[in-house]
Amino acid sequence: MTNPEKITYTFIPGKNWKLSLAELLSLSKTRNYRFKVTSLSKSFFTITTERTLDPTIIDDLGGTIKIGRVISSISMKTVKDAFIHKTKSAQVAFRANLSECAPNQTSATPLKECVFGVSLYIEDYDLFRFSARIQRFIGSYFKEKLASSGTRARFMGFPRSRRLPQLTHVEVLKKELISKSFEILFCLGRDEGIVATTLAVHNPFEFQKRDMERPIQREIFSIPPRLAKIMVNLSSCSQGKVFLDPFCGTGTILQEALLARARVRGMDIDPWCIKASCTNLEWAKREYQLQDADYTILLGDARHLAIRIEKETIDCIATEPDLGPALRHLPTEEGARKIQRKLRPLYHDFLKEAHIILRDGRNMVLTTPYIRTRNGSFVSSSIKEDDATMGFKPVFPFNKEFFASTTPLIEDLTKSLSLIEIGQRHKIGREIHVFQK
Ligand SMILES: C[S@@+](CC[C@H](N)C(=O)[O-])C[C@H]1O[C@@H](n2cnc3c(N)ncnc32)[C@H](O)[C@@H]1O
């Protein structure tokens with residue numbers, strides 16, 4: 001029996017690489033798409049699989065910026081010799097490696113002219129200084145190669161202010177590089193470099209539309225749709241499952257669950273939010289032609305969920321109950337702890353009820369406040385403590401099963417439990433927990 005051919009893909013994560021990776025691992029498990037993470041860094045991951053990946057998966061992910069198919073790999077020693085030490089033989093070897101890449105020009109007859117892209121993702125700081133030179137080298141190589149088949153080609157430049165020569169996903173979209181020409185991704189890890197061609201890029205305009213064009217918006221309290229999608233994916237939500245957000249607000253998380261074709265249930269204590277969620281979901285149903293959309297929004301108190309929702313009828317929960325008051329100034333550590341203590345009864349009562357209505361073995365994703373303090377430290381909630389989880393087990397988002405045994409891991413990932421999302425200037429961020437009943 002012959003071994004099935006292995007295919008390698010590279011994923012470029014968003015700013016929060018851990019969140020992006022956790023989401024990818026969770027979605028692939030939900031969809032039964034098997035792969036092993038074969039290399040891991042903060043700026044790209046590669047996965048190896050026996051099954052072709054449908055690149056439109058990018059629209060179902062909130063945290064992936066680009067997906068590329070890997071064409072060849074090259075040792076970092078060759079890259080360093082070619083560009084840092086400028087060794088001729090290494091440069092020849094580097095060119096030979098590139099010659100394995102036949103950029104996928106889509107038309108059968110060569111184009112007269114084309115604009116293509118070359119983007120570099122680098123983990124090794126030694127190479128940062130050389131990134132522009134490497135990008136020009138690769139760009140010139142493909143330019144010559146295309147010229148030899150009659151295509152006048154040029155590769156896209158970058159503003160000088162850009163830290164690395166990388167095209168943004170918006171640039172790739174606007175220039176239609178995937179459909180009309182190509183983008184080369186050159187990803188340099190610690191031991192190995194890979195060359196890939198971009199298959200799909202994140203479309204921020206769809207997320208913006210869901211954020212800004214829905215009829216009812218509420219700036220404070222609302223979660224960004226990209227994060228809402230990540231939470232929905234972490235909850236293992238999929239088509240036909242019964243999904244609940246019991247603190248639904250204006251329905252941002254519900255909207256992403258509806259797009260995943262789940263049967264959506266929402267609840268809020270505020271009647272205005274019930275109306276807002278219904279209006280927004282009706283808009284999403286029209287806008288995304290979800291004729292079979294199934295949703296119900298209930299007015300109620302999430303501390304008494306089991307009165308309104310039958311026992312063990314919910315397949316997945318993703319929710320953001322309360323991140324505490326808007327802060328004008330950074331609190332002291334004691335001030336931050338006081339905020340967390342005040343919220344504890346709400347979380348406690350909700351968890352108790354959630355345990356009743358969730359089916360066995362199913363996931364719940366929950367955010368708690370992650371508070372920056374005056375002295376630069378952060379104060380978390382105490383929800384992970386055994387007595388606080390009300391019988392829920394914490395889920396490790398980076399389970400060993402996802403990684404090839406030879407993949408070097410960074411930051412002892414497999415032991416990390418919660419995921420942090422906080423902007424540099426934010427006083428309160430989110431700690432995202434995944435629990436299983
Ligand atoms: C942080 S907001 C959720 C925001 C929501 N994810 C969105 O993007 O619109 C929390 C919501 O919980 C609701 N809420 C507060 N206490 C509640 C309770 N005990 N039961 C149900 N809803 C509650 C508030 O009315 C508010 O809309």
Side-chain angles (χ1 to χ4, degrees), residues 19 62 207-235 237 243-260 262 264-284 295-309 314 316-327 339-340 342-358 364-371 381 383 390 421-422 426-433:
L19 209 48
F207 284 88
Q208 264 166 27
K209 179 167 102 179
R210 296 208 283 280
D211 202 14
M212 310 305 292
E213 288 179 29
R214 59 186 173 154
I216 303 190
Q217 293 152 34
R218 179 173 68 164
E219 211 175 297
I220 49 158
F221 297 138
S222 273
I223 195 163
R226 253 162 53 80
L227 187 58
K229 184 169 278 304
I230 293 174
M231 287 174 64
V232 167
N233 283 329
L234 290 171
S235 77
C237 176
F243 173 92
L244 171 72
D245 177 357
F247 297 85
C248 68
T250 53
T252 321
I253 300 178
L254 298 179
Q255 193 170 262
E256 297 307 315
L258 204 68
L259 286 169
V264 164
R265 309 288 176 257
M267 183 185 275
D268 203 286
I269 204 163
D270 179 347
W272 180 85
C273 289
I274 305 306
K275 232 175 143 198
S277 281
C278 286
T279 310
N280 284 342
L281 291 185
E282 205 44 45
W283 172 84
Y295 67 85
T296 313
I297 317 289
L298 302 166
L299 179 65
D301 187 336
R303 291 168 297 186
H304 307 290
L305 267 181
I307 298 178
R308 307 296 310 276
I309 295 173
I314 301 294
C316 32
I317 299 176
T319 196
E320 175 153 288
D322 192 344
L323 296 182
L327 299 175
I339 296 173
Q340 298 282 18
K342 221 170 156 190
L343 290 170
R344 198 177 155 111
L346 173 72
Y347 280 84
H348 177 279
D349 294 350
F350 159 62
L351 279 161
K352 198 162 61 117
E353 295 281 303
H355 201 267
I356 301 171
I357 56 145
L358 194 65
M364 174 173 68
V365 178
L366 183 67
T367 61
T368 55
Y370 187 69
I371 309 173
S381 80
I383 202 166
M390 297 292 147
E421 169 81 350
I422 182 161
H426 289 166
K427 299 179 190 76
I428 301 190
R430 299 175 165 96
E431 188 168 4
I432 302 164
H433 313 264

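One-based numbering, in listed order, for ligands and for the atoms of each.
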Item to complete: Flag the pair Y347 / L343 as yes when at least one side-chain heavy-atom distance between them is below 4.5 Å, and no otherwise.
Response: yes
Q. Is there a donor in the side chain of E421 and an acceptor in the side chain of Y370, or the other way round, less than 3.5 Å apart?
A. no
Contacts for ligand 1, heavy atom under 4.0 Å, by chain and number, are R218, F221, S222, I223, P246, F247, C248, G249, T250, G251, T252, I253, D268, I269, D270, C273, G300, D301, A302, R303, E320, P321, L346
inquiry  = Just checking K209: does its NZ atom have more than 12 heavy atoms from other residues, nucleotides or ligands closer to it than 6.0 angstrom?
reply    = yes
message: Can a donor-acceptor pair be found, under 3.5 Å and without considering hydrogens, that links the side chain of R344 to the backbone of S381?
response: no
For residues 316-327, the salt bridge (Lys or Arg N to Asp or Glu O under 4.0 Å) pairs (sequence neighbours left out) are E320-R430
Output yes when a side-chain donor or acceptor of D268 lies under 3.5 Å from a complementary backbone atom of I274, and no otherwise.
no
